[in-house]
K.L.:
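First the structure, which I've put down as structure tokens, then a few questions once you've had a look.
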Number of protein chains: 4
Amino acid sequence: MRKRDREATRARLLEAARLRFAREGYDATSVRDIAADTGVDASLIFRYFGSKKQLFDEATAAPEIPLDLLDGPEDELVARMLRSVVFTDWTKYGGEHPLVAMLRSSAHEDTRQRIRREVCDTYVRALADLAQGDDAELRAELLSAWLVGIGILRSVVATPALARAELADLAPHLATVATGLLGRPMAGSSER
Amino acid sequence: MRKRDREATRARLLEAARLRFAREGYDATSVRDIAADTGVDASLIFRYFGSKKQLFDEATAAPEIPLDLLDGPEDELVARMLRSVVFTDWTKYGGEHPLVAMLRSSAHEDTRQRIRREVCDTYVRALADLAQGDDAELRAELLSAWLVGIGILRSVVATPALARAELADLAPHLATVATGLLGRPMAGSSER
Amino acid sequence: MRKRDREATRARLLEAARLRFAREGYDATSVRDIAADTGVDASLIFRYFGSKKQLFDEATAAPEIPLDLLDGPEDELVARMLRSVVFTDWTKYGGEHPLVAMLRSSAHEDTRQRIRREVCDTYVRALADLAQGDDAELRAELLSAWLVGIGILRSVVATPALARAELADLAPHLATVATGLLGRPMAGSSER
Amino acid sequence: MRKRDREATRARLLEAARLRFAREGYDATSVRDIAADTGVDASLIFRYFGSKKQLFDEATAAPEIPLDLLDGPEDELVARMLRSVVFTDWTKYGGEHPLVAMLRSSAHEDTRQRIRREVCDTYVRALADLAQGDDAELRAELLSAWLVGIGILRSVVATPALARAELADLAPHLATVATGLLGRPMAGSSER
DNA sequence: CATGAATGAGGCTTCATTCAT
DNA sequence: AATGAATGAAGCCTCATTCAT
């Protein structure tokens, strides 16, 4: 019973922290904000997580990668990635893909490393496996860069055309670019 | 003992501010840091700039757009943009294109607006003029997104292949994507 | 080492603030002074009161009006008021009637309004009810002015004769002036 | 020529200081305010006056007492004093009698002493010479207190009836109180 | 173990004042 | 002698964090 309360409070703190850190960045978020959102005293954060930094690390740990991101048809991989970046409900992260939101805290080298690791381990690697030719990794990174750029222009910078685009609007261009960069035919969207 | 030269001191403060804000972002930079870098008392910042915010605005004001960025041959426009983003000496901004560096302060809506304005006014507009078809603006933004994404992956995230790539490595892929997105033949690099 | 008692600490801060603000005025009092008097860290003031201004407002809130000030015999009303102004133990306010002490912060319009409200609501109104004739309010204010003036000359300016006067010395003159201004016989002192 | 400029600037600084100190009090006035009002650099104040405090002392030195204040008919003395306090053009002092204005800086013991000296030397002494009986000084102070109180309630506290009263409205009450306190017939106003 | 009172460093900013030029 | 650049202390306030209870 007690135990359950503790776990529940910890979870709620984590959730509030995720939202704040995503929306306002590390520096503009105070532990008091998070505690207030949760309705508990700020000192609990130190009991449960040790420090603001540790809470940040835990709150922004890489989310579970959806199984179907990497497991579907190969020619739809890029389309699935794009949907993950811009057409997925990231309400828990303030409405943006976690990686995009984390750029708001990119003033800290630590955060940059975390972003790098996830971008490389998840996106670049999977794309590099698909690419043909000797500079496969570079081309995979260039495609990843595009996805990241779209995420940023769409939500952080809020550029007009991208901000109101639907997946269907992007699909043909996605196919063009992905096909061009990977050197093999890629679909612009998955049928589902 | 420094010379008592208002303009010189102001300029040195501005320079220090540009570097700090670019490297560490608005929140993680304190006016004392900047003053210390400059070797003067922090209160001078308020005499000369009014507030930290005003110093930030002035320090991160859009740099002069090189004349040749928009005035060269049309088919090399994207290549010139890419060089501006990743192969220009941005030492004064901590080594990154100012727009990329400013993302580190993107927790503040104000900064996001400034980024949006410059991206739209300079990059998207020029590209939209080149693009064919009815969704010209969307395609221009998609290409801008790519440039931004490259800037971020290369320096903020420091992804391995991109970080060590030379312009020549990127040129062919640039030509492919730009041509594909704009619907007309584009060069991957300019001869100079 | 002080007890960790929120209410007690708050009360001690309030007490120290009352004294400082009364003796030195708003501007010449720093929150650090008050905190030091209390023996706690200055940041507690902001936790408990929000700001220096709010602490000031709370510390100088009108003290309870003694029940017998307005409820005794009518012809002794002025005498009771005089005793309230100059012959009451205002140690908590640095030795002066709160209204007189507040004049030290009268550089701020806000404070002036508070003084006006209390003077009008408590003193002028009660006196106007007693005065005969059509300019009752003016005469009530003139009598209030006298009481205020006495308070000021006695403690702020510390004029010699008034500073050492006892109630008995003032009583006959009080009777004369009050009777003259109100147009009805008034006593110079109450028997108690 | 140079000499004249210096004296002129000094005089203008003094004038600006008088106004600021009167209207906002010592603490709320900064030397920069005064310098800005005068259109000169703040450091001139230190060259010419030594310190803010010395400027204050000089700016608020007792103004020349009008010759006719003390030299007219005896029975109109109080009337002349009242006119001096509330019906004289004190624009140079922000619209209030200098003594009343100075109460805004009464947080400092120094200022209080200066007020005391002027009140005693000018007002109390002249009135005491007129009063009959052994407690002449006390009665003179009580009358002075009234004048001060009227000045304060009228302009600092801005009590409604007093704030809009004309000299004619106050004259009869003045006669009553002055006559009562001094023990000899006094006029409520002078014929001029 | 949990609570919340207390802390002290540091944030931005304004002040009176000094000191080169 | 005059100018204005520079200073450093101190102002209010917020922060992450600690430590009694």
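Atom set for the values below is all heavy atoms of this structure, side chains included, hydrogens, waters and symmetry mates excluded. So you know, we letter chains A, B, ... as the sequences are listed, proteins then strands, and number each from 1.
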K.L.:
Arg10(C) and Phe49(C): side-chain contact (heavy atoms from CB on, under 4.5 Å), yes or no, with the steps?
P.N.:
CA-CA 9 Å; Arg10(C) 223 190 101 102; Phe49(C) 301 95; 3.6 Å; yes
K.L.:
Is Lys53(A) salt-bridged to Asp57(A), cutoff N-O under 4.0 Å?
P.N.:
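Looking at Asp57(A) together with Lys53(A), the answer is yes, because their closest N to O distance falls below 4.0 Å.
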K.L.:
Round to a whole Å and report the spacing from CD1 of Ile34(A) to P of dT14(F).
P.N.:
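The answer, rounded to whole Å, is 18 Å.
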K.L.:
Answer with base, sugar-phosphate or nothing: what part of the nucleic acid does Tyr48(B) contact at a heavy-atom distance below 4.0 Å?
P.N.:
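Touches sugar-phosphate only.
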K.L.:
Please work out whether the ring planes of His97(B) and Trp90(B) are parallel, tilted or perpendicular, with thresholds of 30° and 60°.
P.N.:
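Geometry flag for Trp90(B) against His97(B): perpendicular rings.
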K.L.:
For the pair made of CZ in Arg12(B) and P in dA5(F), what is the distance, rounded to whole Å?
P.N.:
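Nearest whole value for this atom pair: 14 Å.
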K.L.:
Roughly, in whole Å, what's the span from CD in Glu24(A) to P in dC15(F)?
P.N.:
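It is 11 Å, rounded to the nearest whole Å.
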K.L.:
Can you measure from OH (Tyr48(B)) to CD (Gln54(B)) and round to the nearest 0.5 angstrom?
P.N.:
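Between atom OH of Tyr48(B) and atom CD of Gln54(B) there are 15.5 Å.
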K.L.:
Do nucleotides 11-18 of chain E as a string where each nucleotide becomes B, S or -: B if the base has a protein heavy atom under 4.0 Å, S if just the sugar-phosphate does, - if no protein is that close.
P.N.:
BBBB-BBB
K.L.:
Check Ile34(B) against Thr38(B) and note the closest heavy-atom contact, atom names and distance.
P.N.:
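The answer is O-OG1, 2.8 Å.
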K.L.:
Using both pair distances under 3.5 Å as the test, note the stems of at least 3 consecutive Watson-Crick or G-U pairs that include DNA chain F.
P.N.:
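Consecutive-pair runs (3 or more) involving DNA chain F: E:2-21 with F:2-21.
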K.L.:
Between Lys52(D) and Tyr26(D), is NZ or CZ placed under 6.0 angstrom from the six-membered ring centre and within 45° of the ring axis?
P.N.:
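Relative to the ring axis of Tyr26(D), which defines the angle, Lys52(D) lies inside both limits.
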K.L.:
Can you tell me how far the CE atom of Met102(B) sits from the CZ atom of Arg112(B), to the nearest 0.5 Å?
P.N.:
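So the gap between those two atoms works out to 13.5 Å.
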K.L.:
From CD of Glu7(A) over to P of dA2(E), roughly how many Å is that when rounded to an integer?
P.N.:
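Rounded to the whole Å, the gap is 10 Å.
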K.L.:
Could you state the CD1-P distance from Ile45(A) to dC19(F), rounded to the nearest angstrom?
P.N.:
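Atom-to-atom, Ile45(A) to dC19(F), this comes out as 18 Å.
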K.L.:
Looking only at atom types and distance, does a side-chain atom of Arg104(A) sit under 3.5 Å from a main-chain N or O of Glu24(A), one as donor and one as acceptor?
P.N.:
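Flag not set: sc Arg104(A) to bb Glu24(A) has no pair under 3.5 Å.
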K.L.:
Rounded to the nearest angstrom, tell me the gap between atom CZ in Phe56(C) and atom P in dG11(F).
P.N.:
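For the pair Phe56(C) CZ and dG11(F) P, the rounded distance is 17 Å.
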